[in-house]
Amino acid sequence: MKGSCVCALLALSVLLGWTGAQQPATTRPDFTCGGDLVGKSGFVGSEGFPNFYKPNSNCTWRITVPEGNIVTLTFRIFDLEAEPQCRYDYLDVFNGHSHSLQKLGRFCGTFRPGNLISTSNTIMLELVSDEATQGRGFVAYYSAVIPYEDEQQTCGGKITKAQGEIMTPNWPNDKYPPGTSCSWLITVEPDMVIHVKFDKFVLEADTYCRFDYVAFYNGGERDDSQLIGKYCGDQAPLPILTSGNVLLVQFVSDLSVTLDGFSAQYTSFPRGSSVPSVESRTSTRTIPSVPVVKLLKIKKLSQPRAQNPLCAKACKRDGTIKTSFCSSEFVITGKISSISPGPRGTVNVAVSLIKVYKSGRLIISQVGETMSVKLVSQCRKCPLLRRGANYIIMGQVDEEGRGTMAPGVFTAPYKAQHHNLLMNINNQPC
Ligand SMILES: *[C@@H]1O[C@H](CO)[C@@H](O)[C@H](O)[C@H]1NC(C)=O
């Protein structure tokens with residue numbers, strides 16, 4: 001961490017446009033412990049940056065941009081003591097100049113938070129540190145934006161309709177943008193509760209959902225005790241039910257991997273009555289009025305998954321690279337760009353191609369500059385593929401031109417040196 005000092009400085013000079021001797025020292029922002037920052041745009045940073053922030057500090061910055069605008073906050077540098085729950089050092093960002101307003105996020109560690117957007121012309125940052133371990137702190141750029149000027153970047157909002165839909169930006173045409181934060185505040189009539197059901201769900205996967213996630217809170221504040229659930233990955237969460245008439249939804253994406261996102265429908269109904277079943281219109285499911293969230297959690301753990309009996313066997317390849325090459329209709333190398341659940345326990349896999357050795361009837365499509373193919377795996381974990389990694393993949397092709405992967409199909413992590421091997425096999429008769 002200490003070794004990153006020079007790098008961070010260098011990166012900062014580039015990011016902030018400091019060019020050492022050519023620039024008078026006075027243009028260097030002077031970062032203090034908190035303060036009031038007023039203007040169209042500027043930098044906010046931890047005290048003494050690029051030096052480490054102080055122990056036992058509590059600094060509050062109140063940012064105000066011109067009336068009628070909203071504030072966007074883009075983190076340029078972020079390095080705080082890491083702790084999974086951010087209990088020691090953390091940066092809180094509030095949707096306005098008060099602790100009672102919605103918290104847009106609590107951040108720590110070295111993962112740069114995604115862009116944050118306030119709903120008014122003010123935003124507040126609070127950096128709290130304990131007595132031990134400090135980091136280099138943070139630098140963020142704030143700027144005034146006219147709301148809804150750029151539809152692509154703006155999402156979320158206040159919703160008061162009894163039912164509706166929420167979705168990630170660009171849905172369904174494109175992936176959600178990196179560095180986005182969207183908050184939806186859904187308020188329905190008093191004595192009503194809100195039920196949310198997901199249609200599609202593909203966010204960057206992570207065990208702790210640290211990168212991209214959507215979080216649901218009972219009530220209008222981002223409050224851990226009111227957290228209904230925080231979700232990421234490619235498994236759609238089970239439906240969500242609030243305890244009251246207000247639901248806050250926050251979607252955050254970081255600056256790396258972006259995927260399709262999610263869309264969800266919400267409905268409201270009187271507290272204590274039954275949820276109209278979404279799967280079948282004729283039956284209804286009675287939901288008790290209080291321990292609903294617990295029930296849903298238990299249900300999530302015990303819900304049986306429709307599965308092909310072949311998937312229960314140990315996951316082993318049926319042949320060697322040579323025999324599989326000959327018996328397969330397609331042989332490709334590529335990077336797994338998405339993995340999402342399909343019907344009946346199958347998994348849809350999209351692959352950006354590196355090279356095609358054999359394609360048969362496999363349909364190859366072009367998205368921008370990348371060629372890609374769609375594959376269907378019969379089992380969820382066999383072959384076990386990881387998104388973002390490169391593989392050699394072989395298989396058959398279905399009537400729709402999609403590649404299919406049976407459990408014994410040949411897949412292996414791909415490295416550049418495998419190319420010659422595959423070319424050699426390709427040149428030999430089967
Ligand atoms: C930091 O200071 C603010 C007031 O400026 C206070 O409301 C907050 O509770 C303090 N946080 C901690 C952790 O001491």
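In this text, all values refer to a predicted model and were calculated from it rather than measured experimentally. One-based numbering, in listed order, for ligands and for the atoms of each.
Between Y391 and Y414, the gap from one ring centroid to the other reaches at least 6.0 Å. For W171 and F251, the gap between ring centers reaches or exceeds 6.0 Å.
For atom 14 (O) of ligand 1, the nearest non-hydrogen atom of the protein is N58 ND2, 3.4 Å. Nearest protein heavy-atom contact of atom 13 (C) of ligand 1 is Y90 OH, 3.5 Å. Protein heavy atom at the shortest distance from atom 5 (O) of ligand 1 is T60 OG1, 4.0 Å. Protein heavy atom nearest atom 7 (O) of ligand 1, with residue, atom name and distance: H99 CE1, 3.5 Å.
Judged by distance alone, the side chains of T72 and S143 do bring a donor and an acceptor atom under 3.5 Å apart.
In this structure, atom 9 (O) of ligand 1 has no protein heavy-atom contact shorter than 4.0 Å.
For the ring-ring contact (aromatic ring centres under 6.0 Å, His included) with F138, the qualifying choice from W61, F107, F43 is W61, the only one to do so.
Considering all non-hydrogen atoms of both residues, L185 and G220 come closest at CD1-CA, 3.7 Å.
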